There are 2 protein chains.
Amino acid sequence: MIEPYDDAYFMKRAMQEAEAAYEKGEIPIGAVIVVKNQIIARAHNLTETLNDVTAHAEMQAITAAANYLGGKYLKDCTLYVTIEPCQMCGGALYWSQISKIIYGARDEQRGCIAMDTKLHPKTVLKGGILADEASTLLKRFFIEKRNLN
Amino acid sequence: MIEPYDDAYFMKRAMQEAEAAYEKGEIPIGAVIVVKNQIIARAHNLTETLNDVTAHAEMQAITAAANYLGGKYLKDCTLYVTIEPCQMCGGALYWSQISKIIYGARDEQRGCIAMDTKLHPKTVLKGGILADEASTLLKRFFIEKRNLN
């Protein structure tokens with residue numbers, strides 16, 4: 001049986017958000033939140049546009065998903081995010097009690113694994129979905145930014 | 001010389017925010033952000049009102065302070081918060097590069113010390129200012145909540 005709604009399908013939607021961030025000169029990270037194969041929130045990093053360090057893709061997606069659901073817990077939800085979440089986003093995901101976090105590429109320096117951020121005991125963390133695409137876009141962004149300065 | 005603007009002075013302002021949260025049935029935690037003895041942001045926990053796990057006092061104060069300053073880094077700022085920040089707020093403060101974090105009471109379970117959250121190397125963390133007042137209000141809230149259910 002062909003399963004159109006697999007992890008790659010939803011990660012591609014998160015990558016589209018990352019590309020939207022890239023087009024705005026934002027660090028290109030995107031996220032979607034999914035319940036029963038339905039996307040209920042999509043967001044991309046807006047820290048520059050909003051002048052706000054808290055405006056990571058995941059944070060906005062958590063707020064939007066809770067708004068959609070009418071409740072603050074995301075127990076049956078899956079977050080797809082192109083780059084491994086940081087401490088802040090991992091901490092927010094802890095409070096949300098989200099069911100699954102699926103990321104693309106690792107953030108070896110500031111990701112929640114390196115930082116030893118505690119996730120909710122019920123949360124499953126899985127990485128490596130479209131990792132090359134996610135890290136290539138991020139590298140391209142930083143190379144271009146360096147060349148501009 | 002009498003110094004009217006000491007840590008207790010600003011922590012009292014943060015306590016007023018915590019009391020405002022308490023009056024709304026929110027977990028009573030309040031915060032202010034200060035630059036050169038001037039309060040540039042004040043906020044209290046609104047997770048219930050906004051249905052949003054990210055609506056901690058510190059998160060809102062960081063966003064408001066950056067908005068006031070017109071830039072996302074809080075390098076010369078001090079955060080006063082009635083209870084030790086959690087992982088999420090500690091992670092946000094890491095990104096903000098805030099100069100000082102002064103908290104009232106420890107959160108032995110979910111505070112950034114117990115959770116081993118990494119702060120920015122330039123950030124000074126200090127606790128114990130009006131700790132009894134902050135923890136008494138929090139305990140009162142949870143006792144009353146338990147008795148209502």
Side-chain angles (χ1 to χ4, degrees), chain A residues 26-27 29 31 33 41 43 45-75 77 79 84-98 107 109-121 123, chain B residues 26-27 29 31 33 41 43 45-75 77 79 84-98 107 109-121 123:
Chain A
E26 295 280 356
I27 294 177
I29 300 175
I33 291 179
N45 177 42
L46 283 174
T47 49
E48 295 301 320
T49 308
L50 300 178
N51 251 333
D52 187 347
V53 296
T54 75
H56 283 193
E58 301 94 313
M59 301 299 281
Q60 297 175 78
I62 291 167
T63 299
N67 197 38
Y68 175 88
L69 294 170
K72 66 183 190 293
Y73 297 115
L74 308 179
K75 288 183 187 179
C77 298
L79 170 79
E84 182 197 339
C86 72
Q87 296 187 109
M88 171 180 70
C89 296
L93 291 160
Y94 172 96
W95 291 122
S96 80
Q97 302 184 26
I98 199 160
D107 178 350
Q109 252 109 56
R110 286 165 168 180
C112 59
I113 298 169
M115 292 293 215
D116 197 24
T117 307
K118 279 77 182 169
L119 298 175
H120 193 275
T123 301
Chain B
E26 295 280 355
I27 295 177
I29 300 175
I33 292 179
N45 177 41
L46 283 173
T47 49
E48 295 301 320
T49 307
L50 300 179
N51 252 333
D52 187 347
V53 296
T54 75
H56 283 194
E58 302 94 310
M59 301 299 282
Q60 296 175 79
I62 291 166
T63 299
N67 198 38
Y68 176 87
L69 294 170
K72 65 183 192 293
Y73 297 116
L74 308 179
K75 287 182 187 179
C77 299
L79 169 80
E84 182 197 339
C86 72
Q87 297 189 108
M88 171 180 70
C89 297
L93 291 160
Y94 172 95
W95 291 121
S96 79
Q97 302 184 26
I98 200 161
D107 178 351
Q109 252 110 54
R110 287 163 166 183
C112 58
I113 298 169
M115 292 293 215
D116 196 22
T117 307
K118 279 76 183 170
L119 298 175
H120 193 275
T123 301

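All chains are named by letter (A, B, ...) in the order of the sequence lines, taking the proteins before the strands, and each is independently numbered beginning at 1. Quick caveat: nothing in here was measured; it's all calculated off a predicted structure. Just so it is clear, the values below take in all heavy atoms, side chains as well, and ignore hydrogens, waters and symmetry mates.
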- Message: Rounded to the nearest 0.5 Å, what separates atom CG in B:Asp116 from atom CE in A:Met115?
- Response: 10.5 Å
- Task: Against chain B, work out which of A:Gly71, A:Gly90, A:Cys89, A:Ala55 has the most heavy-atom pairs shorter than 4.5 Å and name it.
- Result: A:Gly71
- Query: Under the side-chain hydrogen bond (donor to acceptor under 3.5 Å, both in side chains) rule, what pairs show up with a residue in residues 85-95 of chain A, not counting sequence neighbours?
  - Reply: A:Tyr94-B:Arg110
- Item | Contact list for residues 61-74 of chain B, test salt bridge (charged side-chain N to carboxylate O under 4.0 Å, His left out), sequence neighbours left out | A:Glu48-B:Lys72
- Residues of residues 61-69 of chain B contacting chain A, heavy-atom criterion under 4.5 Å, by residue number: B:Ile62, B:Thr63, B:Ala66
- Item | Nearest-0.5 Å distance that lies between atom CE in B:Met88 and atom OG in A:Ser96 | 10.0 Å
- With sequence neighbours excluded, what pairs up with B:Gln97 under the side chain to side chain donor-acceptor pair (under 3.5 Å) test? none
- Item | Option in A:Val53, A:Leu50, A:Leu74, A:Thr47 with maximal non-hydrogen atom pairs under 4.5 Å from chain B | A:Val53
